[in-house]
Amino acid sequence: MATNTEPIRDEAKEALNFLEEIIEEDLRTGRHSTIQTRFPPEPNGYLHIGHAKSICLNFGLAEKYGGKCNLRYDDTNPTSEEQEYVDSILADVRWLGFEPAQVLYASDYFDQLYEWAKVLIQKGLAYVDFSTPEEIAAQKGSPTVPGTPNQYRNTSPEENLTLFERMKNGEFPDGHCVLRAKIDLASPNMHLRDPYMYRIKHAHHHRTGDKWCIYPMYDWAHGQSDSIERITHSICTLEFAPHRPLYEWFIEQLGIFPSRQYEFARLNLTYTVMSKRKLLQLVQEGYVNGWDDPRMPTISGLRRRGYTPESIREFAHRVGVAKRENIIDVSLLEFCIREDLNRRALRRFAVLRPLRMVITNYPEGEVEWLETENNPEDRNAGNRTVPFSRELYIEQDDFLENPPPKYFRLYPGGMVRLKSAYIVECTGVEKDDHGQITAVLCRYIPESRSGSDTSGLKVKGTIHWLSAAHARTAEVRLYDRLFQVEDPASEEDFKKAINPNSLEVISNALIEPMLTETQPGDHFQFTRLGYFCTDPDSAPGKPVFNRTVTLKDTWAKEAKKQGS
RNA sequence: UGGCCCAUGGUGUAACGGUAGCACAGCAGAUUUUGGUUCUGUUUGUCAGGGUUCGAAUCCUUGUGGGCCAACCA
């Protein structure tokens, strides 16, 4: 329920990023009356958190300024693109919470592009080149040495038109020739040294089938596609900045709608890699279990890990937009999901590494159903009851025979509160022949029951627990960062930096009875442990949980300090 | 040794010639039946030199450092 006295979040006072400034200026001056953006992935892999930033930017800008945003697949290279990727991309965009104004494909424009190529040829601005790739590379010179023209550069437009048509008709094998724009072989910008427009590929395209055997290059397709869609602000990452003069040259020569390109710095995250090539390697070489492995920075991986769309959108907002190279601390991402889930996730009891506890003064066979809150941050989440009995399980970490200083949990002679139940005092331990503790013995304080505590006792620690007779089992997958170094991409071999302990599977964790009814995608906070999400691998009666992120753990820090 | 882009605490990001702020992380404390949450406090910064100006993170200039660019990839 929104309070009306609260001003609508003061967006006006919030600082604008450089793209917002450009847009507001364009709107103010009347250069555009509305804006049109697009998110243009190539369907050759799964989307990752870096794409999420771009999606949030493009759709977010359109939303903010009352414009529209298209999803356009940049499908100009049939040999690396697949329908599987097309489908996953749309699903990810929608999951993030955005609906494209239109779902379009660069391949929709192949006919138009072909016609426009002929226009350039007629203007003497494009020619068919039969040189080998090596020859062309050599003729391009280097950044400090101008390129040199070859014989094909002088072919007449008429001849080029014929040649280009023959290319299109499939009269030449792959790689036999290319269509090049005739611009400036001496340009200090290598992209202007007669760039390729078309290459021959007798390949099946996932949408156009076998209609074409020539396919446009990125530079020849992208700006024209933007123009066709009347994209006002074509936002891309920094590495495309040197392409901008070419982007503008094509549009100018064709005299078509002048879309403008703007570049921003792509997102990098600590302890992971972001390039599609590297992610593909992780998948293909079995370092992870697929694109949606919860350790992957892919959107599908984050989803399976338990990240919510809201948390990712918030993250994208918080990282900001600028032109400076950056590497965002993954702790910001973790902050965003904790912030979101703290508000929304229902609390449940789970014991990952069980230790038996026997309450020696509690009647055998008796069971009490005790009330506990589903979410202390949200009164509307209500309460639930959990069974309490003589034999319990607690977390191994919550008992120590010889506790270090500042240890608030249980130890011989010490007292803790069992969350939402009673205060117990440890009276001793049971050990096996090897000296291993098999049970913690306690006596409980009957008048310390939560909600009606008249004991007057104050304890420092509160721990979670499960009634042994009522506990159910579940598989719990504990994930840690995939890499051991902050910036694996800068390593000689990024795969050597892989964290060998990025996944720990606990196949017999204990959970409270209610938790067996969960559905894949459900989020919970396991009290005192962290946020967990039900995995699709769950089977009836045997749920599987992924740890999204731990709770902040100041004791772990303190213990580490003491240890070192 | 060509062109383009960039440079603000540990990490990001504001300040649009006029008090260097915010967030995350860190540290310290208060509250707490989650060592969670919440609250309070706090450490740390304008790459360097020159110039313009009453005044420069901001404008100019030189340097330094980083990134990108020559694929029949996008």
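Atoms considered below: every heavy atom in the structure, side chains included; atoms not considered: hydrogens, waters and symmetry mates. Lettering of chains follows the sequences in order, A, B, ..., and the numbering in each one begins at 1.
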* From B:rU13, B:rA70, B:rG35, pick the nucleotide closest to the side chain of A:His191? -> B:rA70
* To do: Give A:Pro245 one of three labels, base, sugar-phosphate or nothing, depending on what nucleic acid heavy atoms sit under 4.0 Å from its own.
  => nothing
* **Check: A:Arg417/A:Ser450 side-chain N/O donor and acceptor closer than 3.5 Å** => yes
* Classify the nucleic acid contact of A:Glu334 as base, sugar-phosphate or nothing, counting any heavy atom under 4.0 Å across all strands shown. => nothing
* Pick from A:Thr270, A:Leu269, A:Thr272: which one makes a side-chain contact (heavy atoms from CB on, under 4.5 Å) with A:Glu486? -> A:Thr270
* To do: Considering just the side-chain nitrogens and oxygens of A:Tyr218, establish if one lies under 4.0 Å of OP1 or OP2 belonging to B:rC73.
  => no
* Got a donor-acceptor pair under 3.5 Å from the side chain of A:Glu377 to the base of B:rG36? -> yes
* Got a donor-acceptor pair under 3.5 Å from the side chain of A:Ser450 to the base of B:rU33? -> yes
* To do: Any chance you could encode RNA chain B as dot-bracket? Rule is Watson-Crick or G-U wobble with both distances under 3.5 Å; [ ] for pairs crossing earlier ones, | for another strand.
  => .((((((..((((....[..)))).(((((.......)))))....(((((..]....))))))))))).....
* Euclidean distance, atom CG of residue A:Leu57 to atom P of B:rG12 [Å, nearest integer] -> 17 Å
* Asked: Any luck finding a side-chain donor-acceptor pair between A:Asn189 and A:Ser187 under 3.5 Å?
  -> no
* Asked: Are any of A:Lys458's side-chain N or O atoms less than 4.0 Å away from OP1 or OP2 of B:rU33?
  -> no
* To do: Identify whether any heavy atom of A:Lys276 sits under 4.0 Å from a base atom; if not, whether one sits that close to sugar-phosphate; answer base, sugar-phosphate or nothing.
  => nothing
* To do: Look at the side chain of A:Arg528 and the base of B:rU34, then say whether one donor and one acceptor between them are separated by less than 3.5 Å.
  => no
* To do: Classify the nucleic acid contact of A:Asn77 as base, sugar-phosphate or nothing, counting any heavy atom under 4.0 Å across all strands shown.
  => sugar-phosphate
* Asked: Quick one: is B:rC69 close enough that its OP1 or OP2 comes under 4.0 Å of any side-chain N or O from A:Arg244?
  -> no
* With sugar-phosphate meaning primed atoms plus P, OP1 and OP2, does A:Phe240 contact a base, only sugar-phosphate, or nothing at under 4.0 Å between heavy atoms? -> base
* Asked: Does the side chain of A:Lys201 get closer than 4.0 angstrom to OP1 or OP2 of B:rC73 through an N or O atom?
  -> yes
* Report which part of the nucleic acid A:Val178 touches: base, sugar-phosphate, or nothing (heavy-atom distance under 4.0 Å, all strands). => base
Collect all protein-nucleotide pairs involving nucleotides 21-23 of chain B in which both atoms are nitrogen or oxygen and the distance is under 3.5 Å.
unit_1, atom_1, unit_2, atom_2, d
B:rA23, O2', A:Arg318, NH1, 2.6

* Distance in angstrom units between A:Phe408 CZ and B:rU33 C1', rounded -> 14 Å
* To do: Determine: side-chain N/O of A:Lys460 to OP1/OP2 of B:rU32, distance under 4.0 Å, yes or no.
  => no
* To do: For B:rC6, take OP1 and OP2 only and decide whether either is under 4.0 Å from a side-chain N or O of A:Arg266.
  => no
* Asked: Rounded to whole angstrom units, what separation is found between the CZ atom of A:Arg193 and the P atom of B:rG3?
  -> 12 Å
